[in-house]
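Have a look at the structure below, then the notes.
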Amino acid sequence: MNTIVLFLLTFTIQNSWGHGGEDHSKKKSPKVVHDGIVSGSKEVEAVYKKINTSYLKKIKPIFKKSCFDCHSSQTVFPWYYEIPGIKQLIDSDIKEAKSHLDFSNDYPFISHDSPENDLKSIEKSISEKTMPPKKYLWMHSDAKLSPKEVEEVKKWVNESLEALK
């Protein structure tokens, strides 16, 4: 019983830090929806396809392991999901995560920002180790990015940003 109470207390306190302390209170109007990008340019579409091909091959497996539970429609809920209070916290975290970046439809991601800024945000989050959040890693230690995975994602981000120029 003490373990459950400690877990609930820790989870509740950590909920306020779930997104690395970033302030997202200012609403942005959606700019990008994966299938709704109308660029009018075959060149831009070709660049997105090239980035997505690289994403599918190199990065998606990493994100699937470390990000998809919150940032996709492929959530695997943990055994403790049905505990009253925990379910609401997890659902809230997933809703918030997907409002920022949703990896469900591959690249370009469903987002509240541009594909370029999404890449920059990904790089910043993994560099500053705000993603995956610590509260998630406590119960899912296998989701922690290895140094090799971090470098692979950074390399993909940099190559993708270069291609978008």
* How are the rings of His140 and Tyr80 set to each other: parallel, tilted or perpendicular (split at 30° and 60°)? -> tilted

I'd like a table of donor-acceptor pairs (distance under 3.5 Å, sequence neighbours excluded) in which one partner is a side-chain atom from residues 158-165, with atom names and distances.
| unit_1 | atom_1 | unit_2 | atom_2 | d |
| --- | --- | --- | --- | --- |
| Asn158 | ND2 | Lys154 | O | 3.2 |
| Ser160 | OG | Trp156 | O | 2.7 |
| Ser160 | OG | Trp156 | NE1 | 3.4 |

* Asked: Lys120: what forms a side-chain hydrogen bond (donor to acceptor under 3.5 Å, both in side chains) with it, not counting sequence neighbours?
  -> Glu116

* Ala143 versus Ser66, closest heavy-atom pair with distance -> O-OG, 2.5 Å

* Any chain of hydrophobic side-chain contacts (each under 4.5 Å) joining Ile83 to Ile90? -> yes

* **Under 3.5 Å: donor-acceptor pair, side chain of Ser92, backbone of Leu89** => no

* Asked: What residues form a side-chain hydrogen bond (donor to acceptor under 3.5 Å, both in side chains) with Lys65, not counting sequence neighbours?
  -> Glu149

* Asked: Do Ser111 side-chain atoms and Asp113 backbone N/O form a donor-acceptor pair below 3.5 Å?
  -> yes

* Passing option when Ile110 is tested against Asn105, Leu101, Asp118 for side chain to side chain contact (heavy atoms under 4.5 Å, CB included) -> Asn105

* In Å, rounded to the nearest 0.5 Å, how long is the span from CD1 of Ile122 to CG of Asn117? -> 11.0 Å

* Indicate, with yes or no, if Leu145 and Val76 share a hydrophobic cluster defined by side-chain heavy-atom contacts under 4.5 Å among Ile, Leu, Val, Met, Phe, Trp and Tyr. => no

* Structure fact -> d(Ser104 OG, Lys98 NZ) to nearest 0.5 Å is 5.0 Å

* To do: Could you tell me how the ring of Phe63 sits relative to the ring of Phe109: parallel (under 30°), tilted (30 to 60°) or perpendicular (over 60°)?
  => tilted

Could you tabulate the donor-acceptor pairs under 3.5 Å formed by side-chain atoms of residues 53-61, not counting sequence neighbours?
| unit_1 | atom_1 | unit_2 | atom_2 | d |
| --- | --- | --- | --- | --- |
| Thr53 | OG1 | Lys49 | O | 2.9 |
| Lys60 | NZ | Asp106 | OD1 | 3.0 |

* Asked: In Å and rounded to the nearest 0.5 Å, what is the OG to CD1 distance from Ser73 to Ile94?
  -> 11.0 Å

* By side-chain contact (heavy atoms from CB on, under 4.5 Å) - contacts of Gln74 (at least two apart) -> Lys64, Phe68, Ser72

* **side chain to side chain donor-acceptor pair (under 3.5 Å) partner of Ser127, the single match among Lys124, Glu123, Lys129** => Glu123

* Asked: Donor-acceptor pair, Gln88 side chain versus Gly85 backbone, under 3.5 Å?
  -> yes

* Asked: Under the salt bridge (charged side-chain N to carboxylate O under 4.0 Å, His left out) rule, what pairs show up with a residue in residues 67-89, not counting sequence neighbours?
  -> Lys87-Asp91

* Structure fact -> For Ala97 and Cys70 the tightest heavy-atom approach is CB-O, 3.4 Å

* Asked: Measuring from Ser146:OG to Glu152:CD, what's the distance to the nearest 0.5 Å?
  -> 9.5 Å

* **ILVMFWY network linking Leu137 to Val150, side-chain heavy atoms under 4.5 angstrom** => no

